[in-house]
Amino acid sequence: MTLFEPFQFEFFRNGFMVATLAGAICGLVGVYVVLRSMSYIGHGLSHSIFGGAAASAVLGVNFYLGAGMWGLLSALMIGRVARRGKIGADAAIGVITTASFALGLALSNVFGQAKRSIEAVLFGSILGVTTLEVIAVACVGVLTVAIISAFYRKLLFATFDPEVADVTGVNVGRMEALLMLMLAVTILFTMKIVGVLLISALLVTPAVIARMVTNSFARMLVIAPLVGAACGAVGMVISYHADISSGAAIILLAAFVFIVVYTVTGARGRGNAGGMIH
Amino acid sequence: MTSLVELDGISHSYGGPTVLEHVHLTIDEGAFLGVIGPSGSGKTTLLRLVLGNLRPTEGVVRRRAGLRIAYVPQVETVNWNFPITVSEVVLMAAAAKWYRQRSTKSERQRVSELLDQLGLGGFEDRHIRELSGGQQQRVFLARALHREPELLVLDEPTSGVDVRTRHEVVHLLTDLHRSGTSVVLSTHDINGLAAHLPRIACVNRELIAVGTPAEVLTSSVLERTYGAPMEVLEHGGMLLVTDSPMGSE
């Protein structure tokens, strides 16, 4: 068996391309996620979208439309509950997204979705990735890069110093909504390959690795997607040869890279990522 | 004299007790105003109302149309672990076309000149955490000045800095004021900063007094402001405020 053997199969080529793109997109969006301490939102949103996916299957609605609307609704509800200030954002995420996840599970139980299908959503699968889905993920990638390029300074300002950004004329609320939208769309289009339970790691790990090796925001936006894409691509090949789920292979590889960088960069790297690694 | 910002009978609360009550204050063109008061007296709230990122629960804030305001926050509120260099901080506030968000050569030139003026030449690619307290304060001042503001608002610009840095900040602000920028700042530092300003506002939930240091830095005004007995001495033509924990004899 050669290293390139799986590339003879179309399903693998599609999965490989989606995993590479997913890694790059998650790495890019993940920079904002970790710097805004939104890691828990990424985790919660993926759970919430699972509820939407199950409901879409039961109602016979298109997966991306149903789960996407569900995810966006959850994100807006989290924002609304957190802004009211009665309970913290972390508690709001905990209640709303886990309830949504539980609803998804209940619907799957009642309406008898196959156990294998649930496992695929939870842990990721390369089976059944169509060429259309590869194109869709590529479009999400192009859209994400376009949004970040067009709003680079405003997004940076709103992330680094929201209060001063607001005074300076940046619509901080709109920038936050834009980030939530990018996050929800990224999770929606990449969760099939990485899995609901593991996607938050792909959002966080490449960004933290990038943070350990650079002190520049602009360089972090380049390094994190490269690390994510590399983990996605190599992880897929490992997944095939080791016969383990694609999500697990990608995340284990990312964790391995994290440990290597953490060790090699020593105190300097740990100092850089000070606010992210507790 | 043209007024830049006018607070007309404003009150504010964050949902609980009132933080500021019935404040009337005008900031004119050419102002150099220090806002003093104890912790929790509403100084930062007052600044945020001037800036416009808070809406008063009562009253009206009028700003001159098209007024360019820049804000320098307390350095304690800055996330020093954020991956950002000195030039990235200064450039983030600059307006840019949507298709040209990365810095241009002329922008980098302007940033270099500004940093040179503030004694930070050659620090463009340094991470903000690698600078001294005074240098860090000047980076955020550079970001504000890059917008060429007509009104500069600073929250506790000398908080947590050493004496030398405080002198640097006072001189910088004085130069800026002389060059035509109106300045409003909040401070806890009465002797080191507020007493050197032409106009002081004393705040403790309400506006207790506004005027020159000679008018405002009196035992009675300060006792009403801080809720504790304070003495005012004169030394070398300057007023010096001391607290008198045992009370005046």
Side-chain angles (χ1 to χ4, degrees), chain A residues 31-32 34-37 83-86 145-173 175 178 207-224 268-278, chain B residues 14-16 44 47-54 63 66-75 77-103 107 124-130 139-140 143-144 146-147 149 151-155:
Chain A
V31 170
Y32 293 94
V34 298
L35 292 177
R36 297 174 72 97
S37 304
R83 259 199 305 278
R84 289 194 171 181
K86 296 269 183 201
V145 171
I147 289 173
I148 289 176
S149 302
F151 296 99
Y152 176 79
R153 289 189 193 186
K154 287 180 177 176
L155 282 169
L156 169 61
F157 207 171
T159 301
F160 176 62
D161 204 344
E163 193 185 7
V164 183
D166 187 35
V167 173
T168 312
V170 175
N171 190 328
V172 176
M175 289 301 115
L178 200 59
V208 177
I209 292 168
R211 180 67 192 98
M212 283 194 285
V213 297
T214 184
N215 264 330
S216 159
F217 180 77
R219 281 196 287 274
M220 207 174 153
L221 281 181
V222 176
I223 297 169
R268 187 176 154 271
R270 288 192 286 278
N272 283 354
M276 301 169 186
I277 304 167
H278 297 284
Chain B
Y14 293 97
T44 301
L47 295 189
R48 293 177 74 191
L49 287 161
V50 168
L51 291 164
N53 60 357
L54 264 190
R63 277 175 218 87
L67 177 67
R68 281 196 311 278
I69 307 183
Y71 177 47
V72 181
Q74 281 188 49
V75 285
T77 63
V78 173
N79 174 6
W80 298 106
N81 280 320
F82 199 95
I84 198 151
T85 60
V86 169
S87 59
E88 283 176 329
V89 168
V90 181
L91 276 166
M92 71 169 66
K97 301 278 186 201
W98 66 269
Y99 52 85
R100 193 183 279 167
Q101 294 283 298
R102 304 305 288 268
S103 57
E107 274 185 321
E124 286 85 345
D125 295 325
R126 290 263 197 105
H127 186 262
I128 51 169
R129 197 177 46 198
E130 294 168 9
V139 170
F140 289 94
R143 180 178 68 180
H146 193 258
R147 288 174 53 75
L151 175 62
L152 179 64
V153 179
L154 306 97
D155 195 4

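A note on names: the letters A, B, ... follow the listed sequences, proteins ahead of strands, and every chain is numbered from 1. Only this structure's heavy atoms are used, side chains among them; waters, hydrogens and symmetry mates stay out.
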Provide the closest heavy-atom pair for A/Asp161 versus B/Arg143 in the form atom of the first, atom of the second, distance.
OD2-NH2, 2.7 Å
State, to 0.1 Å, how close A/Ala218 and B/Glu88 come at their nearest heavy-atom pair, and which atoms those are.
N-OE2, 3.2 Å
Measure A/Asp166 against the heavy atoms of chain B and call it side chain, backbone, both or neither at under 4.5 Å.
side chain
Atom group of A/Ala146 that falls short of 4.5 Å from chain B, counting heavy atoms
neither
With a 4.5 Å cut-off on heavy-atom pairs, point out which of A/Val172, A/Val170, A/Leu156 contacts chain B the most.
A/Leu156
Distance-minimising heavy-atom pair for B/Arg48 and A/Glu163:
NE-OE2, 3.0 Å
To the nearest 0.5 Å, atom OH of B/Tyr71 lies from atom OG1 of A/Thr168 at 10.5 Å
Looking only at heavy atoms, the pair that brings B/Asn79 and A/Phe160 closest together is O-CE1, 3.9 Å
Distance-minimising heavy-atom pair for B/Pro83 and A/Thr214:
CB-O, 4.4 Å
To check you understand the geometry: which heavy-atom pair defines the closest contact between A/Arg211 and B/Asn81, and what is its length?
NH2-O, 2.7 Å
Name the region of B/Val78, side chain, backbone, both or neither, that has any atom closer than 4.5 Å to a heavy atom of chain A.
side chain
Could you grab the distance from atom CE of B/Met92 to atom OH of A/Tyr152, nearest 0.5 Å is fine?
8.5 Å
